[in-house]
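Quick note: residue numbers are just sequence positions, from 1. Because the structure is predicted, anything quoted here is derived from the model rather than measured.
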Amino acid sequence: MSTFDKHYDVIVVGGGHAGTEAALAAARMGAETLLLTMNLDTIGQMSCNPAIGGIGKGHMVKEIDALGGEMAVNIDRTGIQFRRLNTSRGPAVRASRAQADKKDYQFELKFVCEEQDHLDLRQGLMESLFINRGRIQGVGVKGGITYLAHSVVLTTGTFLKGKIHVGDFSYSAGRAGETSAEKASEGLAALGFEIGRLKTGTPPRVNGRTLDFPSMEIQPGDDPPRPFSYAVEQIAREQMPCWITYTNAGTHRLIEENLNRSAMYSGRIEGIGPRYCPSIEDKVVRFADKERHQIFVEPEGRKTLEYYINGLSMSLPEELQTEIVRSLPGLERAEIMRPAYAVEYDYAPPTQLYPHLETKRVENLFFAGQINGTTGYEEAGAQGLIAGINAVLKVRGEAPFVLSRSDAYIGVLIDDLVTKGTQEPYRIFTSRAEHRLLLREDNADYRLMERAREWGLVGDAVWKKFCDKKSAVARELDRLSQERLHPSDGVNAVFAEAGTAPLKEAAPLVDILRRPELSYRHIEQLCPPDRPLSPDAAEHVEAEVKYDGYIKRQHTQVDKLKRLESMRIPTDFDFAAPGLNLSTEGRQKLAHIRPQTLGQASRVSGVSPADVSALMVLLHAHSARAQAG
């Protein structure tokens, strides 16, 4: 065995969405970083749906961007269709989604990694971790080379003992056509990590030449398309449409009659699948009363005729998949280019991590992405970014960076994982956040960009653009309070068209905007500012005005919760000590999770309000003794 001659600050294992964000963040912070991956040609590969964003997920992509990550910039470079979701609903649930050119996204991200200063790329299969006195020292790869580092971030995706299932046929692989990492999870188990088993899947891809598009519903993108990234001014490329079709009674009958041939229903699969992205077999069984299910037919890129059949994930035999696909309107002659499959893989339950994603068992070792039980590129990228930042801060001897639940959806995601754990692939939703009005897409830069700027993750141009936006928003909010709109036939004609009561006397613009039927677009039409606002700034202004009372109420709630979050629990606190007035379940759960704050303790499953109150008394007493001593 030989040791590579360069000693790194950070090694990132895995070149997926978590790995690339971790490696880029570490390198951009000035740390000498190695990105070690099984196959350099699959860096940033979109293994499943070639799309970024969605409800909750789009919010996190904006947060990744505000923290200096790459995902939003890359989808703006390579997207082929952009859509804003829930535009008729409140600002908390409005979200962005973009279909990507699958290969273009992958190649662009690989090139960004290749040209990044302080970042080296190596191809190799990690087989071992080197630990000395409870601290990570480096990794060993197949072939006998050891790479040394101060910190290591594991982002292993679905490759830990990955096993693919198509009907009754199974084989070891992390993705179709790619080898599985068979020894890595055994090494983690030998170190004392708990290892579980999860499952996910992907639908078939079909040849676009064999599709009858006029028989399906067209789904065009937005015009004009709205960029994800704060660094991007506009999307100039022509968009491509997606298409919608539906399952039917014939589809459901084929599936019901062949459930015994499904790898999932025949008992061949041990792992638990994603609740919110179920296979078509699962949909037909769980929602037997539904006559049809919506299926999206989505292009995989500009220079391919491969189409992704979104909503038709399955683990049935390949020959049966053809019958099922051809039962859908518009796909009667479809030819499958790649069959659907299910994949099982090992993961490490994330309650074994601190909130900054360092493992509790091994110092300077961080986990991010699907190894923590999540599903989705966005969840992986968010964790990778935080792990990469914290790996560098650990090397520097600085305090870790932890986002609270009121700071970001990334904070909600990580707190859910490390405090509650997960026994099924975890997906973010807006409903998981208690303070949704504070965590909007339009204010991600307000919430997060200043900290990223301190670390050098946000460049001068983006920072100036943010400062200009803040000035524009403040100026416009002031104008809305000062200027008044006077009644006129033209004004009331606009009001009538919008379905709101006529204006009888002059009123401040801010009161006009508070009317439920009116939007900032009406302000621009009736009394425009001297300098037009960007769509992002306009949305920010509208949300701040319309939801002012609710936002203030949520800020008050957050301030109260900060008291709990500020009460630190000593790392050596003995939850099992005799005399503690805690329930048996509370003791057991707190000893297992080892929360860092009283606020985190209050969110541990099985810990009662009485346990929290008792713990608060104990911590006050502990603090008093420490001060007296």
K.L.:
Under 4.0 Å between a side-chain nitrogen and a carboxylate oxygen: does that hold for Glu441 and Arg94?
P.N.:
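No, this pair does not count.
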
K.L.:
Does atom CD of Glu114 have more than 12 heavy-atom neighbours, drawn from other residues, nucleotides or ligands, at distances under 6.0 Å?
P.N.:
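Yes, the 6.0 Å shell around CD holds more than 12 heavy atoms from other groups.
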
K.L.:
Looking at Thr374, is its backbone amide N or carbonyl O close enough to the side chain of Asn372 to form a donor-acceptor pair, meaning the two atoms are under 3.5 Å apart?
P.N.:
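Not at all, since once roles are kept as given, no pair shorter than 3.5 Å links the two residues.
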
K.L.:
Looking at Asp117 and Ala27, what are the two nearest heavy atoms and their distance?
P.N.:
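Taking every non-hydrogen atom into account, O-CB, 3.4 Å.
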
K.L.:
Within the side chain of Arg436, is there an N or O that forms a donor-acceptor pair under 3.5 Å with the backbone of Pro91?
P.N.:
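No, because the side chain of Arg436 does not come within donor-acceptor range (under 3.5 Å) of the backbone of Pro91.
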
K.L.:
Are the charged groups of Glu194 and Arg361 less than 4.0 angstrom apart, N to O?
P.N.:
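Between Arg361 and Glu194 there is no salt bridge, as every charged N stays at least 4.0 Å from the carboxylate O atoms.
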
K.L.:
Under 3.5 Å, side chain of Gln600 to main-chain N/O of Pro595, donor-acceptor pair present?
P.N.:
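Flag not set: sc Gln600 to bb Pro595 has no pair under 3.5 Å.
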
K.L.:
Identify all side-chain donor-acceptor contacts of residues 363-371 below 3.5 Å with residues at least two apart in sequence or on another chain.
P.N.:
unit_1 : atom_1 : unit_2 : atom_2 : d
Glu363 : OE2    : Arg135 : NH2    : 3.2
Glu363 : OE2    : Lys394 : NZ     : 3.3
Asn364 : ND2    : His150 : O      : 2.7

K.L.:
Taking it one step at a time, do Thr359 and Gln352 satisfy side chain to side chain donor-acceptor pair (under 3.5 Å)?
P.N.:
CA-CA 6 Å; Thr359 68; Gln352 302 172 98; over 6 Å; no

K.L.:
Taking only residues two or more places apart in sequence or in another chain, which ones pass ring-ring contact (aromatic ring centres under 6.0 Å, His included) with His356?
P.N.:
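Result, ring-ring contact (aromatic ring centres under 6.0 Å, His included) vs His356: Tyr354.
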
K.L.:
Can you establish whether the number of heavy atoms outside Arg122 located under 6.0 Å from its atom CZ is more than 12?
P.N.:
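Correct, the count exceeds 12.
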
K.L.:
So, is the end of the Arg453 side chain (NZ or CZ) under 6.0 Å from the ring centre of Phe466 and within 45° of the ring's axis?
P.N.:
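The answer is no, since Arg453 fails at least one limit relative to Phe466.
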
K.L.:
Taking side chain as C-beta onward, heavy atoms only, is Ile551 less than 4.5 Å from Asn443?
P.N.:
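The answer is no, as the side chains (C-beta and beyond) never meet within the 4.5 Å cut-off.
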
K.L.:
Could you go through Asp611 and Lys589, starting from their C-alpha distance and side-chain angles, then the distance that decides it, and tell me whether this counts as side chain to side chain contact (heavy atoms under 4.5 Å, CB included)?
P.N.:
CA-CA 11 Å; Asp611 290 329; Lys589 295 292 180 65; over 6 Å; no

K.L.:
For Lys163, I'd like to know if atom NZ has over 12 heavy atoms of other residues, nucleotides or ligands within 6.0 Å.
P.N.:
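Check fails, neighbour count at 12 or below.
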
K.L.:
Kindly assign one of parallel, tilted or perpendicular to the pair Tyr147 and Phe4, based on the angle between their ring planes and the thresholds 30° and 60°.
P.N.:
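Correct class here is tilted.
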
K.L.:
Does atom NZ (Lys142) have a neighbourhood of more than 12 heavy atoms from anything else shown, all under 6.0 Å?
P.N.:
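Counting neighbours around NZ of Lys142, 12 or fewer heavy atoms of other residues, nucleotides or ligands fall under 6.0 Å, so no.
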
K.L.:
Which one of Lys464, Lys470, Lys465 satisfies the side-chain hydrogen bond (donor to acceptor under 3.5 Å, both in side chains) criterion with Asp468?
P.N.:
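Among Lys464, Lys470, Lys465, the one that satisfies the side-chain hydrogen bond (donor to acceptor under 3.5 Å, both in side chains) with Asp468 is Lys464.
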
K.L.:
Decide yes or no for Leu67 and Leu457: does some side-chain heavy atom of the first lie under 4.5 Å from some side-chain heavy atom of the second?
P.N.:
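Answer no - side chains too far apart.
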
K.L.:
So do the side chains of Lys57 and Glu379 get within less than 4.5 Å of each other, counting heavy atoms only?
P.N.:
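Yes, close enough: below the 4.5 Å cut-off.
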
K.L.:
From Arg77 CZ over to Ser229 OG, what is the distance, rounded to the nearest 0.5 angstrom?
P.N.:
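With rounding to 0.5 Å, CZ (Arg77) is 9.0 Å from OG (Ser229).
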
K.L.:
Checking Asp442 side chain against Asp536 main chain: does a donor-acceptor pair fall under 3.5 Å?
P.N.:
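No; zero donor-acceptor contacts below 3.5 Å.
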
K.L.:
Nearest 0.5 Å, please: how far is CZ in Arg594 from CD1 in Ile569?
P.N.:
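The CD1 atom of Ile569 sits 8.5 Å away from the CZ atom of Arg594.
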
K.L.:
Hey, is Glu70 close enough to Arg28 for a salt bridge, meaning N to O under 4.0 Å?
P.N.:
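A salt bridge is present here (some side-chain N lies under 4.0 Å from a carboxylate O).
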
K.L.:
When you measure from the side chain of Arg405 to the backbone of Arg432, do you find a donor-acceptor pair of N or O atoms at a distance under 3.5 Å?
P.N.:
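Yes, the answer is positive, given that a donor and an acceptor are paired below the 3.5 Å cut-off.
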
K.L.:
Verify, without hydrogens or angle tests, whether Asn390 (side chain) and Phe401 (backbone) share a donor-acceptor contact under 3.5 angstrom.
P.N.:
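Between the backbone of Phe401 and the side chain of Asn390 there is a qualifying donor-acceptor contact (under 3.5 Å).
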
K.L.:
Return the CD1 to CE distance between Ile52 and Met60, rounded to the nearest 0.5 Å.
P.N.:
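Reported to 0.5 Å precision, the distance equals 10.5 Å.
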
K.L.:
So Val607 and Leu615, side chain to side chain contact (heavy atoms under 4.5 Å, CB included) or not? Walk me through it.
P.N.:
CA-CA 10 Å; Val607 174; Leu615 191 55; over 6 Å; no

K.L.:
Rounded to the nearest 0.5 Å, what separation is found between the OG1 atom of Thr351 and the CG atom of Leu353?
P.N.:
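Reported to 0.5 Å precision, the distance equals 8.0 Å.
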
K.L.:
Which is it for Gln99 and Asn49 under the side chain to side chain contact (heavy atoms under 4.5 Å, CB included) test, yes or no, and what are the steps along the way?
P.N.:
CA-CA 9 Å; Gln99 198 72 18; Asn49 188 2; 3.6 Å; yes

K.L.:
Taking side chain as C-beta onward, heavy atoms only, is Val392 less than 4.5 Å from Trp455?
P.N.:
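When only atoms from C-beta onward are counted, Trp455 and Val392 do not touch, as no gap falls below 4.5 Å.
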
K.L.:
Measuring from Lys360:NZ to Phe193:CZ, what's the distance to the nearest 0.5 Å?
P.N.:
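That separation rounds to 11.0 Å.
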
K.L.:
Is the distance between the ring centroids of Phe575 and Phe573 under 6.0 Å?
P.N.:
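So the answer is yes for these two rings.
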
K.L.:
Look only at the side chain of Tyr230 and the backbone of Asp445, and say whether a donor-acceptor pair between them is shorter than 3.5 Å.
P.N.:
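Side chain of Tyr230 to backbone of Asp445: a pair is present.
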
K.L.:
Please examine the side chains of Gln554 and Glu434, heavy atoms only from C-beta on, and report whether any two atoms are closer than 4.5 Å.
P.N.:
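They are not in side-chain contact.
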
K.L.:
Given the rule in the side chain to side chain contact (heavy atoms under 4.5 Å, CB included) test, do Leu154 and Leu188 qualify, once you have shown the distances and angles that lead to the verdict?
P.N.:
CA-CA 11 Å; Leu154 291 190; Leu188 291 174; 4.1 Å; yes

K.L.:
For the side-chain contact (heavy atoms from CB on, under 4.5 Å) test, which of Ile410, Leu417, Thr155 pairs with Gln383?
P.N.:
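When side-chain contact (heavy atoms from CB on, under 4.5 Å) is applied between Gln383 and each of Ile410, Leu417, Thr155, only Leu417 qualifies.
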
K.L.:
Should we count CD of Glu454 as having more than 12 external heavy atoms under 6.0 Å?
P.N.:
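Count over threshold, so yes.
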
K.L.:
Is there side-chain contact between Glu378 and Tyr409, with at least one heavy-atom pair below 4.5 Å?
P.N.:
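Not touching, per the 4.5 Å side-chain cut-off.
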
K.L.:
Side-chain contact, heavy-atom cut-off 4.5 Å: Thr33 with Tyr8?
P.N.:
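They are not in side-chain contact.
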
K.L.:
Of Leu109, Ile64, Asp65, which is the lone residue that meets side-chain contact (heavy atoms from CB on, under 4.5 Å) with Met71?
P.N.:
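Of the listed residues Leu109, Ile64, Asp65, the side-chain contact (heavy atoms from CB on, under 4.5 Å) partner of Met71 is Ile64.
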
K.L.:
Roughly how far apart are Leu598 CG and Arg568 CZ, rounded to 0.5 Å?
P.N.:
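Leu598 atom CG to Arg568 atom CZ measures 11.5 Å (nearest 0.5 Å).
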
K.L.:
Between Asp76 (side chain only) and Val232 (backbone N and O only), is there a donor and an acceptor less than 3.5 Å apart?
P.N.:
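A pair under 3.5 Å: no.
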
K.L.:
So do the side chains of Tyr426 and Leu413 get within less than 4.5 Å of each other, counting heavy atoms only?
P.N.:
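In short, these two side chains touch, coming nearer than 4.5 Å.
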
K.L.:
Among Asp416, Asp415, Thr419, whose side-chain hydrogen bond (donor to acceptor under 3.5 Å, both in side chains) with Arg603 holds?
P.N.:
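In the set Asp416, Asp415, Thr419, the residue that makes a side-chain hydrogen bond (donor to acceptor under 3.5 Å, both in side chains) with Arg603 is Asp415.
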
